[in-house]
Novice: 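Okay, handing you the structure first.
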Amino acid sequence: MATLFKILFFLMLPITAFAQTELHPSLLFTSADIPVIRARLDREPYTGWQTQLLAEADHALARKIDWAGSSVAKSLQAYYAKNLAGAHAFAPENAPNRRAYAEEAARAISGTPVSGFKGLYGSDLEISESATYLAAAYDLLKGAGFDFIVDGADVEPQVRSVLSGLRSYLATYPVSGLFPPSGGIGADFPSAALYTSFMSRSDNHHVKLLAGLCMLSLAIYDEPGAASGFSTTLSRFLQTLDNMTVTDGGLPVGGWAEGPNYHLYTMRDYLPALTALRNHGLFDYADFPETESTHLLLPRMVMPDGWMPPVDGNEACRFDMAPLLASVHRDRPDSDALLWLWETNGRPANKAFLPDLIALFDDSPRLHSDPESLGWSRSESRYGTGYAVLRGSWEPDSPYLLLLSEHGEARTKGQAHEHPDPNAFLVHAGGELLIMDSGYGGFDNNDATRFAANHNLILVDGEGPPGASQQFGSFGFWNANGADAFLERFFT
């Protein structure tokens with residue numbers, strides 16, 4: 001029934017999207033939200049985030065950057081633009097540099113190229129991530145009421161020209177033949193670019209690309225071309241996102257197919273896009289229970305020291321988007337476990353998301369202090385997601401065993417980052433990872449860690465299940481290969 005509902009939802013998207021005649025502004029917040037946000041800036045954690053944000057903005061001002069030149073990488077330029085815009089939106093009204101932050105943000109966006117992106121950014125992934133930052137920067141300035149007068153001139157037309165050019169470039173992702181067009185987006189990852197020919201496929205690259213395209217389209221919806229392709233972009237974005245999560249027997253069990261670190265990496269684009277879509281009435285987590293389940297799964301599998309396990313093609317990571325996820329799912333009691341995870345890690349705050357945290361974080365009193373008070377079992381088998389955890393407690397020095405028993409979507413959707421590790425395990429105890437997974441050393445070193453012999457599992461005559469491979473030697477989609485593993489009868 002859930003799958004049928006999603007199909008109907010996708011079919012309805014063109015009508016829904018085109019019914020919106022004025023979508024801007026409302027990506028991270030609306031103008032009406034600003035008084036509420038400002039009223040809480042005198043208490044933690046907002047005060048600390050504001051201090052960090054203003055420090056980042058002051059650092060950018062002090063550098064006196066030639067934004068049209070090459071003194072900073074273009075991806076870093078987009079980061080600065082967002083933080084400068086956020087500093088303007090959330091600085092005290094009487095802050096001496098408040099207007100300077102906005103003017104410098106506008107200069108940073110204006111100094112971004114309107115074409116030739118590939119050569120300037122170096123990769124399409126950098127372009128996708130920058131698109132998300134730049135769209136948020138423009139929306140922050142608009143939402144805070146900035147007039148875009150810089151050095152006596154109105155720079156808003158140039159700002160919108162930059163965003164429009166970037167949006168047009170990202171919109172070249174559909175590929176009708178075997179290869180992407182020369183200079184088009186997708187040429188970095190030709191196997192991924194074929195996604196539009198095979199709608200059942202998905203990958204992190206396309207989630208990030210389509211998230212950035214959605215953000216840009218919403219930010220400049222009244223620019224030529226932005227509205228015309230938006231409904232298709234939106235439906236493909238939500239399909240691609242949905243294809244990265246796991247169902248089992250039709251149940252939305254959750255889990256990011258390519259593992260927790262790749263989930264974090266992709267979420268830094270898709271979470272702001274979902275926030276923007278929800279603000280415009282174009283997305284509801286209730287319609288995508290797999291995504292919600294995936295978010296709430298994170299505290300269940302975390303190692304005792306707060307780091308996510310380095311399984312498949314993943315490094316161990318601290319999930320620093322946990323406070324935003326807790327706010328997204330504030331109506332779920334389980335969201336308290338995400339705040340517990342955040343606090344376990346020392347309350348990390350990704351500097352690129354300081355404006356998001358200030359605008360969106362919900363500091364309402366918590367009902368539950370940790371997963372134990374939520375009634376969560378210390379040990380459990382997440383059958384459909386493909387792992388089981390046994391832990392002595394939720395404390396940092398607790399003994400912990402993770403058994404990998406992936407099957408079905410939890411295995412096959414991992415594609416190039418899936419490791420052949422049926423019933424492999426890792427052990428963490430006394431605050432240390434004692435029996436570890438081979439993890440990930442970057443794609444250039446992928447073959448050093450990704451085969452069955454690199455994992456804690458039984459081999460037969462020195463052999464295990466085959467690792468992932470491409471369909472045509474070194475070209476085409478990756479197939480996960482490996483073998484299904486099942487933990488049929490779990491008890492504690």
Side-chain angles (χ1 to χ4, degrees), residues 49-91 95-142 144 146-170 183 185 187-188 208-209 212 215-216 219-220 265 268-269 272 349-356:
W49 291 331
Q50 182 193 49
T51 300
Q52 291 182 66
L53 184 60
L54 298 185
E56 286 292 294
D58 286 333
H59 173 68
L61 290 180
R63 290 189 63 178
K64 300 185 183 302
I65 296 169
D66 174 16
W67 299 110
S70 57
S71 56
V72 297
K74 291 303 173 188
S75 55
L76 183 60
Q77 185 164 328
Y79 160 83
Y80 275 136
K82 179 181 177 181
N83 274 359
L84 284 160
H88 169 74
F90 304 129
N97 285 335
R98 184 167 183 266
R99 182 168 181 90
Y101 296 149
E103 292 177 353
E104 199 69 3
R107 290 189 187 100
I109 303 173
S110 300
T112 301
V114 297
S115 62
F117 301 107
K118 183 86 75 178
L120 291 165
Y121 282 89
S123 80
D124 288 329
L125 281 173
E126 294 281 356
I127 299 169
S128 297
E129 292 166 358
S130 296
T132 304
Y133 291 164
L134 290 170
Y138 177 60
D139 194 72
L140 283 160
L141 293 176
K142 291 285 285 187
F146 180 56
D147 58 14
F148 287 90
I149 303 300
V150 178
D151 300 325
D154 181 3
V155 300
E156 187 170 11
Q158 173 62 18
V159 166
R160 292 176 68 89
S161 175
V162 167
L163 300 183
S164 183
L166 186 55
R167 191 212 64 81
S168 296
Y169 176 73
L170 291 179
I185 196 163
D188 293 352
K208 291 167 76 70
L209 185 162
M215 288 280 284
L216 281 172
I220 54 167
Y265 162 72
R268 288 172 177 155
D269 293 89
N350 186 306
K351 288 184 178 181
F353 291 89
L354 291 170
D356 308 62

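Just so you know, residue 1 is the first one in the sequence shown, and it goes up from there. Note that the coordinates shown come from a computational prediction; the quantities given were computed from them, not determined experimentally. Every heavy atom of this structure was used, including side-chain atoms; hydrogens, water molecules and symmetry mates were not.
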Novice: Could you pull out the closest heavy-atom pair between Leu163 and Leu134, with the gap in Å?
Specialist: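 Nearest pair, atom of Leu163 first, then Leu134: CD2-CB, 3.8 Å.
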Novice: Looking only at atom types and distance, does a side-chain atom of Lys82 sit under 3.5 Å from a main-chain N or O of Ala352, one as donor and one as acceptor?
Specialist: yes
Novice: What is the distance from atom NZ of Lys208 to atom CG of Leu170, rounded to the nearest 0.5 Å?
Specialist: 12.0 Å
Novice: How far does CZ of Arg160 sit from CD1 of Ile109, to the nearest 0.5 angstrom?
Specialist: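 Atom-to-atom, Arg160:CZ and Ile109:CD1 are 11.5 Å apart.
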Novice: Give the C-alpha distance, both sets of side-chain angles, the deciding distance and a yes or no for side chain to side chain contact (heavy atoms under 4.5 Å, CB included) between Tyr169 and Asp124.
Specialist: CA-CA 10 Å; Tyr169 176 73; Asp124 288 329; 2.8 Å; yes
Novice: With no hydrogens and no angle check, is any side-chain donor or acceptor of Glu129 less than 3.5 Å from a backbone partner on Ser75?
Specialist: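 Not confirmed, Glu129 side chain does not pair with Ser75 backbone.
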Novice: Taking side chain as C-beta onward, heavy atoms only, is Asn83 less than 4.5 Å from Pro355?
Specialist: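 Contact flag for Asn83/Pro355 side chains = yes.
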Novice: Restricting to non-hydrogen atoms, name the atom on Ala100 and the atom on Leu61 that form the minimum distance, rounded to 0.1 Å.
Specialist: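 The pair with the smallest heavy-atom distance is O-CD2, 3.9 Å.
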Novice: If only atom types and distance count, is the side chain of Ser110 paired as donor or acceptor with the main-chain N or O of Ala106 below 3.5 Å?
Specialist: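 Yes.
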Novice: Hey, is the main chain of Lys351 close enough, under 3.5 Å, to the side chain of Gln52 for a donor-acceptor pair?
Specialist: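 Checked: no pair found.
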Novice: Which atom pair, heavy atoms only, marks the closest approach of Ile65 to Ser71?
Specialist: CG2-OG, 3.4 Å
Novice: If every non-hydrogen atom of Ser115 is compared with every non-hydrogen atom of Leu120, which pair is closest and at what distance?
Specialist: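 In this case the closest contact between Ser115 and Leu120 is O-CD1, 4.1 Å.
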Novice: With a 4.5 Å cut-off on side-chain heavy atoms, are Met215 and Pro272 touching?
Specialist: yes
Novice: Considering non-hydrogen atoms only, spot the tightest contact between Ala137 and Ala85 and give its length.
Specialist: O-CB, 3.4 Å
Novice: Kindly indicate whether the side chain of Val72, heavy atoms from C-beta on, has any atom under 4.5 Å from the side chain of Trp67.
Specialist: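 Yes, at least one pair of side-chain atoms sits under 4.5 Å.
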Novice: To the nearest 0.5 Å, what is the distance between CG (Asn350) and CZ (Arg268)?
Specialist: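 If I round to the nearest 0.5 Å, the distance is 4.5 Å.
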Novice: Can a donor-acceptor pair be found, under 3.5 Å and without considering hydrogens, that links the side chain of Glu103 to the backbone of Val150?
Specialist: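 No, the answer is negative, given that no donor and acceptor are paired below the 3.5 Å cut-off.
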Novice: Between the side chains of Asp269 and Thr132, is a donor N or O closer than 3.5 angstrom to an acceptor N or O?
Specialist: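 A donor-acceptor contact under 3.5 Å links the two side chains.
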Novice: Between Arg99 and Asp147, does a salt bridge (charged side-chain N to carboxylate O under 4.0 Å, His left out) hold up when you go through it step by step?
Specialist: CA-CA 10 Å; Arg99 182 168 181 90; Asp147 58 14; 2.8 Å; yes
Novice: Answer yes or no: is there a side-chain heavy-atom contact under 4.5 Å between Leu166 and Thr112?
Specialist: no
Novice: Using a 4.5 Å cut-off on heavy atoms from C-beta on, say whether the side chain of Lys74 contacts that of Phe117.
Specialist: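 No - every pair of side-chain heavy atoms lies 4.5 Å or more apart.
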Novice: Kindly determine whether Asp356 and Trp49 satisfy side chain to side chain contact (heavy atoms under 4.5 Å, CB included), including the steps that lead there.
Specialist: CA-CA 10 Å; Asp356 308 62; Trp49 291 331; over 6 Å; no
Novice: Which heavy-atom pair separates Leu354 from Ala349 by the least distance, and what is that distance?
Specialist: CD2-CB, 4.1 Å
Novice: I need the single residue from Tyr101, Tyr138, Phe146 that forms a ring pair (Phe, Tyr, Trp, His ring centres under 6.0 Å) with His88. Which is it?
Specialist: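 Looking at Tyr101, Tyr138, Phe146, the match for His88 under the ring pair (Phe, Tyr, Trp, His ring centres under 6.0 Å) is Phe146.
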Novice: Looking only at side chains, do Tyr80 and Glu104 share a donor and an acceptor under 3.5 Å apart?
Specialist: no
Novice: Is the backbone N or O of Pro157 less than 3.5 Å from a side-chain atom of Ser161, with the two atoms forming a donor-acceptor pair by type?
Specialist: no
